[in-house]
Trainee: 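Sending over a structure as structure tokens; questions will come in a sec.
First listed ligand is number 1; within each ligand, the first listed atom is number 1. Note that the structure is a prediction, hence the values are computed from the model and not measured.
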Amino acid sequence: MGLTLAQKIIKNHLLSGNMQVGEEIGLKIDQTLTQDATGTMAYLEFETIGVDRVKTERSVAYIDHNTLQTGFENADDHRYIQSVAKKYGIYFSRPGNGICHQVHLERFSAPGKTLIGSDSHTPTGGGIGCLSFGAGGMDVAVAMGGGAYYITMPKMYKVNLTGKLKPFVTAKDVSLELLRLISVKGGVGAIIEWGGEGIKTLSVPERATITNMGTEVGATTSIFPSDEVTYEFLKAEGREGDYIPLASDDDAVYDKIIDINLSELKPLIACPHSPDNVVTVESLSSVKVDQVCIGSCTNSSLYDMLKVAVLLKGKTIDPSVSLSVSPGSKQVLRMLSESGALSDILASGARLLECACGPCIGMGFSPNSAGVSLRTFNRNFEGRSGTKDGKVYLVSPETAVASALTGYITSPEVLDNIEAIKAVKLPKKFLIDDSAILPPSPPEQAKNDVVLRGPNIKPFPEGAPLQDQINVNLTLKVGDNITTDHIMPAGAKILPYRSNIPYLSKFCFAVCDETFAERAIKAGSSIIIGGINYGQGSSREHAALVPLYLGVRAVVAKSFARIHIANLINAGIIPLTFDNPEDYDTLNMDDKLVLTNVFDGLKSGAMYLVNTVTGAKIKLNCAFTERQQQILKAGGLLKYTKTIN
Ligand code: MIC
Ligand code: SF4
């Protein structure tokens, strides 16, 4: 039986386990990336592991999330990351150089390699045939230290593309179509491979848009084959030496095949507050728009920006709309500027923002009260924009421009620049300027490098060794599809404190219940009850470390998202599922509960939650590998790593 493309890369990197679906496998990791919002914690964790230099082929630290430096906090954190990077063998991409995924795709991702990043959109690298995973900071720290990265061997899904996109229909619409077809849970437990004749018509940046948004269907990762298109892109980046061809075998077996005919797609839009709430753009044409944002790791490539410039050229945006444009990298910005395209964008009335995440993570450009914001981003979770009642819609850059010009949600199909759009092509050679990527010190010099720590860096909480019986208060009960943006919000006010867990803890679950943090502290030891797909979205381990700090010992949900469940285990919080989902309804806030059979349950897969008032006994399930059992017993991954080193 032949292998799929992902199975081939896994096989080449397999350190432990069998490639049987559902089994835990350990992978050798070639490259890592971090961004600043998760990076400080990841490097603090890395330092506690105690190795002199990263053991990966390439590790890069990016500063892209929180670039505003509104106070000393961020500036200090960035300086810390820069100094750690220099000392330990990590490349440092300076603030302003671009969004981690865009820059990594341009300069470092390579076909056939493995990459993990402390950011859930790391699968962007799948656009170039690199097997890339989003992971918690601790997992990245361990990989930098030479340890394996553990995942559950995924199922293999294939999306078979036929046809060719019509003008004004884009890679973003392909992603939205997949979300419409399979929902935010449809890819859970699977790697999505993109194939079929249709892929030949998609450039690497378009492929990267698609693998980037594979995160939104919950997939472990997504990947495209490496072919002539990949070669052309690498050559244009001066990296043809990184090229290897890669494809699945003809007789590879997939667990599911989804067909999408590119020729039949229409411009699509995801409505508030979920990326899978997808309808056609046409169907919303009477909705007034207040704000439009173009950029983010999903849609900020040169290809996207050139199309935006062509559509805006000679036109002015509607006076009622505020339009922002953030190019994904310095390379994109410089090429826009040198080609004159930037001038067309600016002349239209657009505001140019830094090459960074910006509005995507609520760092400025929040919509007005109850405002409608059209964004080319990948997430539209409630409150993420920084405006609690803001209504965020996800669209392609083309739809974004058409709507900014008219002031209403507008399909780009009505625009008259069809020939100009068809003429937009990627250049044969990109402008290569790595001056903002600082190399680390050579090993002999690194010994004398000093790590610079500011007062915003507070120690991170560590879990306590497990007990067999844990008394807990039910301090929070939430519904389905709780995102990490609910658990640990981001945004301009909070993001500067990503290395200060005690301060961050005040905002934990504030979107759902502002009293949670205070009640959890008072309770001392607590449990959270959740619904389906608990913890979807970001890779931020803060969504586990902050609850740990607040005394959360276990989370019981109907099901969990992949990265979050790993982060809970790494933090030493026990993730459990209901044996009978109806038991969810019998639990109430403030119930005093006892989690029993913990030690035996880790092995046997069954623990119990006893309600001390009613005496009811609820069966809970878990399926921990031997390694995960040891991590939980030790009180988290770092403590466990120290015991085995
Ligand atoms: C996001 O898009 O939610 C983020 C911000 O990039 C996160 C990382 C973080 O919370 O720092 C992610 O996707 O993992
Ligand atoms: Fe940055 Fe947004 Fe991409 Fe996250 S999704 S990495 S915040 S641009």
Trainee: Run the numbers for me: atoms of ligand 1, each under 4.0 Å from some heavy atom of Thr38, listed by number.
Mentor: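 Listed by number with element: 9 (C), 11 (O).
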Trainee: Taking 4.0 angstrom as the limit and counting only heavy atoms of Asp119, give me the atoms of ligand 1 inside it, by number and element.
Mentor: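 Ligand 1 atoms under the 4.0 Å threshold to Asp119: 4 (C), 6 (O), 7 (C), 8 (C), 12 (C), 13 (O), 14 (O).
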Trainee: Could you check which of Glu541, Arg379, Arg498 puts a non-hydrogen atom nearest to atom 9 (C) of ligand 1?
Mentor: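 Comparing heavy atoms across Glu541, Arg379, Arg498, the nearest one to atom 9 (C) of ligand 1 lies in Arg498.
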Trainee: Answer yes or no for Gln35: is there a heavy-atom contact with ligand 2 below 4.0 Å?
Mentor: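 False for this residue.
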Trainee: What protein heavy atom is closest to atom 4 (Fe) of ligand 2, reported as residue, atom name and distance in Å?
Mentor: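 The closest heavy atom on the protein side is His65 NE2, 3.8 Å.
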Trainee: Are there over 12 heavy-atom neighbours, none belonging to Glu47, within less than 6.0 Å of that residue's CD?
Mentor: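 Result for CD/Glu47: enclosed.
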Trainee: Apply the test salt bridge (charged side-chain N to carboxylate O under 4.0 Å, His left out) to residues Arg498 and Asp77: give CA-CA distance (whole Å), side-chain angles for both, the deciding distance (0.1 Å), then the verdict.
Mentor: CA-CA 9 Å; Arg498 278 287 180 92; Asp77 286 2; over 6 Å; no
Trainee: Which ligand 1 atoms are under 4.0 Å away from a heavy-atom of Ser539?
Mentor: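 Close to Ser539: 12 (C), 14 (O).
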Trainee: Please name the residue in the list Glu216, Gln35, His101 that meets the side-chain hydrogen bond (donor to acceptor under 3.5 Å, both in side chains) test with His121.
Mentor: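 For His121, the side-chain hydrogen bond (donor to acceptor under 3.5 Å, both in side chains) test succeeds with only one of Glu216, Gln35, His101, which is Glu216.
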Trainee: Walk me through whether Arg379 and Ser120 qualify under side chain to side chain donor-acceptor pair (under 3.5 Å).
Mentor: CA-CA 11 Å; Arg379 290 185 173 149; Ser120 65; 2.7 Å; yes
Trainee: Provide, to 0.1 Å, the distance between atom 7 (C) of ligand 1 and the closest protein heavy atom, together with that atom's residue and name.
Mentor: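 Ranked first by proximity to atom 7 (C) of ligand 1 is Ser538 OG, 3.2 Å.
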Trainee: For atom 10 (O) of ligand 1, what is the closest protein heavy atom, and at what distance to 0.1 Å?
Mentor: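 Result for atom 10 (O) of ligand 1: Arg540 NE, 2.4 Å.
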Trainee: Consider side-chain contact (heavy atoms from CB on, under 4.5 Å). Of Ile25, Asp139, Val140, which one does Tyr149 pass it with?
Mentor: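 Only one of Ile25, Asp139, Val140 forms a side-chain contact (heavy atoms from CB on, under 4.5 Å) with Tyr149, namely Asp139.
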Trainee: With heavy atoms only and a cut-off of under 4.0 Å, state how Asn378 meets ligand 2: side chain, backbone, both or neither.
Mentor: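 Asn378 to ligand 2: side-chain contact only, backbone stays beyond 4.0 Å.
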Trainee: Assign the ring pair Phe516 / Phe509 to parallel, tilted or perpendicular, where the plane angle (0 to 90°) is split at 30° and 60°.
Mentor: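 Answer is perpendicular, since the angle exceeds 60°.
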Trainee: Please indicate whether Arg94 has more than 12 foreign heavy atoms, meaning atoms of other residues, nucleotides or ligands, lying under 6.0 Å from its CZ.
Mentor: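 Check fails, neighbour count at 12 or below.
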Trainee: Closer than 4.0 Å to some heavy atom of His65 - which atoms of ligand 1 meet that?
Mentor: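 So the answer, numbered in order with elements, is 4 (C), 5 (C), 6 (O).
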Trainee: Do the ring planes of Tyr503 and Tyr497 sit parallel (below 30°), tilted (30 to 60°) or perpendicular (above 60°)?
Mentor: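 Taking Tyr497 first and then Tyr503, their aromatic rings sit tilted (interplane angle of 30° to 60°).
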Trainee: Got a sec: is Cys297 within less than 2.8 Å of atom 3 (Fe) of ligand 2 via an N/O/S atom?
Mentor: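 Yes, since at least one N, O or S atom of Cys297 sits under 2.8 Å from atom 3 (Fe) of ligand 2.
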Trainee: Which of these passes side-chain hydrogen bond (donor to acceptor under 3.5 Å, both in side chains) with Asn378: Asn299, Asn212, Thr209, Thr215?
Mentor: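 For Asn378, the side-chain hydrogen bond (donor to acceptor under 3.5 Å, both in side chains) check succeeds only for Asn212.
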Trainee: Write out the residue and atom name of the closest protein heavy atom to atom 8 (C) of ligand 1, then the distance separating them to 0.1 Å.
Mentor: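 Of the protein heavy atoms, Gln35 NE2, 3.1 Å lies nearest.
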Trainee: Roughly how far, to the nearest 0.5 Å, is the CG atom of Asn74 from the CG atom of Asn456?
Mentor: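 So the CG of Asn456 and the CG of Asn74 are separated by 7.5 Å.
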Trainee: Quick check on atom 2 (Fe) of ligand 2: does Cys360 put an N/O/S atom closer than 2.8 Å to it?
Mentor: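 Yes, since at least one N, O or S atom of Cys360 sits under 2.8 Å from atom 2 (Fe) of ligand 2.
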Trainee: Which bit of His101 gets closer than 4.0 Å to ligand 2, counting heavy atoms only: side chain, backbone, both or neither?
Mentor: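 It is the side chain that touches ligand 2; the backbone stays farther off.
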Trainee: Applying a 4.0 Å heavy-atom criterion (strictly less than), which segment of His542 is in contact with ligand 1: side chain, backbone, both, or neither?
Mentor: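 It is neither part, as no heavy atom is under 4.0 Å.
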Trainee: Where does the angle between the aromatic ring planes of Phe233 and Phe430 fall among parallel (under 30°), tilted (30 to 60°) and perpendicular (over 60°)?
Mentor: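 Ring orientation of Phe233 relative to Phe430: perpendicular.
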Trainee: Could you check whether the rings of His104 and Tyr62 sit parallel, tilted or perpendicular, using 30° and 60° as the cut-offs?
Mentor: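 Answer is perpendicular, since the angle exceeds 60°.
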Trainee: Can you sort out which atoms of ligand 1 are near Ile361, meaning under 4.0 Å from one of its heavy atoms?
Mentor: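 Counting atoms of ligand 1 from 1, those under 4.0 Å from Ile361 are 5 (C).
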Trainee: Counting only heavy atoms closer than 4.0 Å, does ligand 1 sit against the backbone of Arg384, its side chain, both, or neither?
Mentor: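 Under 4.0 Å from ligand 1, Arg384 contributes side-chain atoms alone.
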Trainee: Just which atoms of ligand 2 are under 4.0 Å from any heavy atom in His121?
Mentor: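 Listed by number with element: 5 (S).
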Trainee: Please list the nearest protein heavy atom to atom 1 (Fe) of ligand 2 with its residue and the distance rounded to 0.1 Å.
Mentor: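 Looking only at protein heavy atoms, the one closest to atom 1 (Fe) of ligand 2 is Cys357 SG, 2.3 Å.
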Trainee: Between Thr38, Asp119, Asn66, flag the one that comes closest to atom 6 (S) of ligand 2 by a heavy atom.
Mentor: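 Residue with the shortest heavy-atom distance to the ligand atom: Asp119.
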Trainee: Which of the atoms of ligand 2 are close to Ile361, meaning less than 4.0 Å from one of its heavy atoms?
Mentor: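 With Ile361 as reference, the close atoms of ligand 2 come out as 7 (S).
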Trainee: On a heavy-atom basis, I'd like to know which of Ala37, Ser120, Cys100, Ser296 is closest to atom 12 (C) of ligand 1.
Mentor: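 Going through Ala37, Ser120, Cys100, Ser296 one by one, Ser120 has the nearest heavy atom to atom 12 (C) of ligand 1.
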Trainee: Could you check, using the six-membered ring where one of them is a Trp, whether Tyr80 and Tyr43 have ring centers closer than 6.0 angstrom?
Mentor: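 Judged by ring-centre distance (under 6.0 Å), Tyr80 and Tyr43 do not meet the cut-off.
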